Structures are given as C-alpha cells and as structure tokens.
Amino acid sequence: MFLLLHTDYYPPELYNEVKSWLMTVSEKQLSLIYDINYRDSVAMLFVSIFLGYIGLDRILLKDTKKGLMKLGMTCFSFLIIPGIIAIAWWIKDIINIKEMVREYNYNEMKSVPNIV
C-alpha cells in the first residue's frame, strides 16, 4: 500500500529495492515510515524558484553546507564571477529539484531505525 500512495516520493529506478526493503520491515518501522515528513516536489519547486537563490531549497533538503555556499555566492554576486556562478547554480537546482527531493525522501525513509 505504501508503494501506491508514495510513488512520487522516491526515485522510480529504486522501486524494486524499496519494495523488497518494505517486505522486511517490522510493523513499528512501517508506522515510522508513514510518519516521515516527506517533501513534496511541487512545493520544493516553488521554494527553489523563489528562494533557491539564497540556498533555502538546499537547506530544507538537509544539504546545509551547499545551501550556505549558495547564500555566500549570492551575497558576493556584486562581483562578476560569483554572480554568474550563483545564477547558474540556481538554474541547475531548479531543473534538478524533483530528483533532489526524491533522493532526500528515499534517504529519510531508509534512515528509519531497526525496531524489532
């Protein structure tokens, strides 16, 4: 049932791995998996478009180091080279946000502790 409800929350190429992993988890683990606060790719796309230039999209996906680097590049964008890099990075993240969100959700799901 989890696979049907959450197909957009993990990478499609990992469907078989997720399916086999879910067959081995306990009931307690399964309830923890359902309780995870999964990120929505559409909402994260809007965050990336409107606030991604300051690194908020990366910070929300627990990639704090790169998020702060993006913020730093934006702060120094009055210099030509960091400004160009910041804009290119922002556009790249807008294009790749769906895959980044799916990977984040997959990692959150796999990080559920083993409970017997």
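Fair warning: this is a prediction, and the values are worked out from it, not measured in the lab.
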Chemist: Kindly write out the residues that satisfy salt bridge (Lys or Arg N to Asp or Glu O under 4.0 Å) with Arg39, not counting sequence neighbours, or none if the list is empty.
Modeler: none
Chemist: Would the distance check show the side chain of Gln29 and the main-chain N or O of Pro113 forming a donor-acceptor pair, the cut-off being under 3.5 Å?
Modeler: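 Looks like yes, one N/O pair under 3.5 Å.
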Chemist: Output yes when a side-chain donor or acceptor of Glu103 lies under 3.5 Å from a complementary backbone atom of Met100, and no otherwise.
Modeler: no
Chemist: Is there a donor-acceptor pair under 3.5 Å between the side chain of Lys70 and the backbone N or O of Ala86?
Modeler: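 Absent.
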Chemist: Is Ile84 linked to Trp89 within one hydrophobic cluster, defined over Ile, Leu, Val, Met, Phe, Trp and Tyr using a side-chain heavy-atom separation of less than 4.5 Å?
Modeler: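 No, Ile84 and Trp89 fall in different hydrophobic clusters.
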Chemist: Are any side-chain N or O atoms of Ser48 and backbone N or O atoms of Met44, one a donor and one an acceptor, separated by less than 3.5 Å?
Modeler: no
Chemist: Considering only heavy atoms from C-beta outward, does the side chain of Tyr38 approach that of Asn105 to under 4.5 Å?
Modeler: yes
Chemist: Does the side chain of Arg102 come within less than 4.5 Å of Tyr9's, by heavy atoms?
Modeler: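 Side-chain contact under 4.5 Å: no.
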Chemist: Verify the cluster assignment for Leu51 and Val101: are they in a single hydrophobic cluster under the rule of side-chain heavy atoms below 4.5 Å apart?
Modeler: yes
Chemist: Any chain of hydrophobic side-chain contacts (each under 4.5 Å) joining Val18 to Leu32?
Modeler: yes
Chemist: Return the set of residues passing ring pair (Phe, Tyr, Trp, His ring centres under 6.0 Å) with Trp90 (not counting sequence neighbours), or none when no residue passes.
Modeler: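 With sequence neighbours excluded, Trp90 shows a ring pair (Phe, Tyr, Trp, His ring centres under 6.0 Å) to Tyr53, given in chain and number order.
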Chemist: Tell me every residue that passes side-chain contact (heavy atoms from CB on, under 4.5 Å) with Phe46, counting only those two or more places apart in sequence or in another chain.
Modeler: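 Only Val42, Phe50 meet the side-chain contact (heavy atoms from CB on, under 4.5 Å) criterion with Phe46.
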